[in-house]
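Predicted model only: the values in this text are computed from it and were never measured.
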Amino acid sequence: MHRDKTRVVQIGDRKIGGGNPILIQSMTNTKTQDVSATVAQIRALERAGCEIVRCTVPDMEAARALSEIRKQIHIPLVADIHFDYKMAIAAIENGADKIRINPGNIGGPDKVEAVVAAAKERGIPIRVGVNSGSLEKPLLEKNGGVTAEGIVESALDKVRMIEEYGYENIVISIKSSDVLMCVKAHELLAARTEYPLHVGITEAGTVWSGNIKSSVGLGLILHQGIGDTIRVSLTGDPVEEIKSAKLILRTLGLQSGGIEVVSCPTCGRTRIDLIGLAGKVERLVEDYPLDIKVAVMGCAVNGPGEAREADLGIAGGESEGLLFKKGEILRKVPEEQLLDALKEELDNWK
């Protein structure tokens with residue numbers, strides 16, 4: 001497994017790399033200088049299971065806000081820097097636990113050296129981020145356009161820029177909206193570096209399309225043992241990114257904890273509002289700290305048998321349903337009471 005061989009990088013009070021658990025990230029979409037709004041969003045992300053959070057730092061006001069934000073949250077804070085090396089240094093001085101930069105676009109070698117010196121002084125990791133849309137013209141000409149090989153070459157060039165100043169506290173991030181190109185790039189990069197990798201499919205899209213692209217891409221990458229921290233990039237509420245990331249990791253057997261909901265597709269035998277009920281169950285179980293599987297089935301005839309692997313479940317019938325546990329029927333319940341019956345079992349789960 002590649003992740004077992006990557007270097008360990010400390011980000012605040014968390015560690016990635018070296019076989020440590022894969023940590024879930026997201027990014028705020030508030031104005032960073034609005035401290036109250038940013039803190040409120042980060043706390044919501046924390047409750048959902050976010051383990052590292054990133055904020056954009058476009059100006060000095062935002063950089064100074066990091067200090068107060070950091071005091072009010074409980075997870076490591078990463079500063080996202082574009083173009084201005086002064087913002088990177090200011091973010092470090094105001095308590096950022098990590099900075100994200102592209103060393104190729106912050107103003108030249110002397111600016112990179114200044115940022116590295118500030119990071120080195122405080123032991124702050126640098127995430128080197130390269131996207132397919134930011135490849136240099138010579139690489140585009142060399143490879144005939146955007147390629148996985150070009151993305152990797154660009155990223156390693158940026159890493160060397162930091163290494164030249166005697167610093168190796170680095171995380172690498174390479175991203176593309178082309179899923180298969182992104183997968184290939186990570187395979188190539190994993191073979192050429194021991195730095196921990198931040199993995200994600202950039203500009204994946206809306207909650208619907210972005211989840212599909214991210215699930216395919218992250219699934220292919222993570223299943224190969226590549227990736228030390230992930231972000232599911234969605235056009236929507238950042239909390240949805242956390243929910244999706246947790247499910248991807250659980251599905252791959254890379255994270256445990258939290259209730260997994262399974263439900264059957266609707267068919268002609270369905271006599272209850274299965275679609276609505278399944279959605280309500282998903283919302284119901286979000287806050288339970290249980291590591292179990294809950295099934296929502298549309299057919300009382302086959303439901304308990306088909307969901308035998310579930311720890312707990314409900315199966316619909318004609319205006320009523322069955323409550324079952326480990327495949328054994330507990331009792332019949334009127335349709336309108338199914339959700340309450342399930343909640344009662346969860347509340348008293350041992």
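The side-chain hydrogen bond (donor to acceptor under 3.5 Å, both in side chains) check on Asp34 picks up Ser36, with sequence neighbours excluded. Legend: residues meeting side-chain hydrogen bond (donor to acceptor under 3.5 Å, both in side chains) with Asn348, ordered by chain and number and at least two apart, are absent. Remark: Lys142 pairs with Glu153 by the salt bridge (charged side-chain N to carboxylate O under 4.0 Å, His left out) rule, at least two apart or across chains. Applying the side-chain hydrogen bond (donor to acceptor under 3.5 Å, both in side chains) rule to Gln337 yields no partners; only residues at least two apart in sequence or on another chain are considered. Scanning for salt bridge (charged side-chain N to carboxylate O under 4.0 Å, His left out) contacts around Asp13 gives an empty result, with sequence neighbours left out. Among residues two or more places apart in sequence or in another chain, the side-chain hydrogen bond (donor to acceptor under 3.5 Å, both in side chains) test is passed with Glu187 by Gln224. Under the rule for a salt bridge (charged side-chain N to carboxylate O under 4.0 Å, His left out), the partners of Asp157 that lie at least two apart in sequence or sit in another chain are Arg160. Applying the salt bridge (charged side-chain N to carboxylate O under 4.0 Å, His left out) test to Arg43 and every residue at least two apart in sequence or in another chain returns nothing. With sequence neighbours left out, Ile89 forms a side chain to side chain contact (heavy atoms under 4.5 Å, CB included) with Tyr85, Glu93, Ala114, Val115, Ala118.
Side-chain N or O atoms of Glu241 include one that pairs as donor or acceptor with a backbone N or O of Leu234 at under 3.5 Å. Not a single donor-acceptor pair under 3.5 Å links the side chain of Ser214 to the backbone N or O of Asn211. The backbone N or O of Leu222 lies less than 3.5 Å from a partner atom in the side chain of Arg3, making a donor-acceptor pair. With hydrogens and angles ignored, the 3.5 Å screen pairs a side-chain donor or acceptor of Asp59 with a backbone N or O of Ala62. Between the Glu68 side chain and the Val35 main chain, no donor and acceptor come within less than 3.5 Å of each other. At distances below 3.5 Å, not a single donor-acceptor pair connects side-chain atoms of Lys111 with backbone N or O atoms of Pro103. Between the side chain of Tyr167 and the backbone N or O of Ile126, no donor-acceptor pair lies under 3.5 Å. With hydrogens and angles ignored, the 3.5 Å screen pairs a side-chain donor or acceptor of Thr32 with a backbone N or O of Thr56. Between the side chain of Gln25 and the backbone N or O of Met27, no donor-acceptor pair lies under 3.5 Å. Of the possible donor and acceptor atoms, one in the side chain of Thr38 sits under 3.5 Å from a partner among the backbone N and O of Lys31.
Counting heavy atoms of neighbouring residues, nucleotides and ligands inside a 6.0 Å radius, atom CD of Glu194 does not exceed 12 of them. More than 12 heavy atoms of other residues, nucleotides or ligands shown are found within 6.0 angstrom of CD1 on Ile292. Counting heavy-atom neighbours within 6.0 Å of Lys158 NZ, excluding the residue itself, gives a total above 12.
Closest heavy-atom contact between Ala91 and Ile99: CB-CG2, 4.5 Å. Residues Glu51 and Ile24 come closest through the heavy atom pair OE1-N, 2.7 Å. Heavy atoms only, all atoms of each residue included: His186 and Ile174 are closest at CE1-O, 3.1 Å. Contact record, Gly200 with Lys175: O-CG, 3.5 Å, taken as the closest heavy-atom pair. In this structure, Cys55 and Leu66 approach most closely via the heavy-atom pair CB-CD2, 4.4 Å. In this structure, Ile151 and Ser176 approach most closely via the heavy-atom pair CD1-CB, 4.2 Å.
A donor and an acceptor atom, one from each side chain of Asp84 and His82, are nowhere located under 3.5 Å apart.
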task: Mind running side-chain contact (heavy atoms from CB on, under 4.5 Å) on Lys293 and Ile259 for me, showing each step along the way?
output: CA-CA 6 Å; Lys293 181 182 291 187; Ile259 296 177; over 6 Å; no
- request: Dump the intermediate steps for salt bridge (Lys or Arg N to Asp or Glu O under 4.0 Å) on Asp311 and Lys325, then the final yes or no.
  value: CA-CA 6 Å; Asp311 299 284; Lys325 187 176 183 178; over 6 Å; no
- request: Under the side-chain contact (heavy atoms from CB on, under 4.5 Å) rule, what do Leu284 and Leu339 come out as? Steps first, then yes or no, please.
  value: CA-CA 9 Å; Leu284 170 68; Leu339 196 66; 4.0 Å; yes
message: Between Thr28 and Val53, is the side-chain contact (heavy atoms from CB on, under 4.5 Å) condition met? List the steps.
response: CA-CA 7 Å; Thr28 57; Val53 68; 4.0 Å; yes
- request: Assess whether side-chain contact (heavy atoms from CB on, under 4.5 Å) is satisfied between Glu149 and Leu188, documenting all intermediate values.
  value: CA-CA 7 Å; Glu149 291 81 2; Leu188 295 172; 4.0 Å; yes
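The OH atom of Tyr288 sits 5.0 Å away from atom CG of Leu346, with the distance rounded to the nearest 0.5 Å. A distance of 11.0 Å separates CG of Asp178 from NZ of Lys184, quoted to the nearest 0.5 Å. For the atom pair Ser26 OG and Glu46 CD, the distance stands at 12.0 Å (nearest 0.5 Å). If you take CZ on Arg231 and SG on Cys50, they are separated by 9.5 Å, rounding to the nearest 0.5 Å. Atom NZ of Lys213 sits about 6.5 Å away from atom OG of Ser209, to the nearest 0.5 Å. Annotation: the span from Thr193 atom OG1 to Leu197 atom CG amounts to 7.0 Å, rounded to 0.5 Å.
No side-chain heavy atom of Val294 sits under 4.5 Å from any side-chain heavy atom of Val262.
In the hydrophobic clustering (ILVMFWY side chains linked at under 4.5 Å, chained through shared members), Phe83 stands by itself. Hydrophobic clustering, defined by side-chain heavy atoms of Ile, Leu, Val, Met, Phe, Trp and Tyr closer than 4.5 Å, groups Val78 together with Val9, Ile11, Ile16, Leu23, Ile52, Val171.
Classification of Arg331 and Glu345 as a salt-bridged pair holds, one side-chain N sitting under 4.0 Å from a carboxylate O.
The same ILVMFWY cluster, assembled from side-chain heavy atoms under 4.5 Å apart, contains both Ile230 and Leu220.
The salt bridge (Lys or Arg N to Asp or Glu O under 4.0 Å) test with Asp97 is passed by exactly one of Arg127, Arg54, Arg14, Arg70: Arg70.
The side-chain hydrogen bond (donor to acceptor under 3.5 Å, both in side chains) analysis of residues 112-126, with sequence neighbours excluded, yields no pairs.
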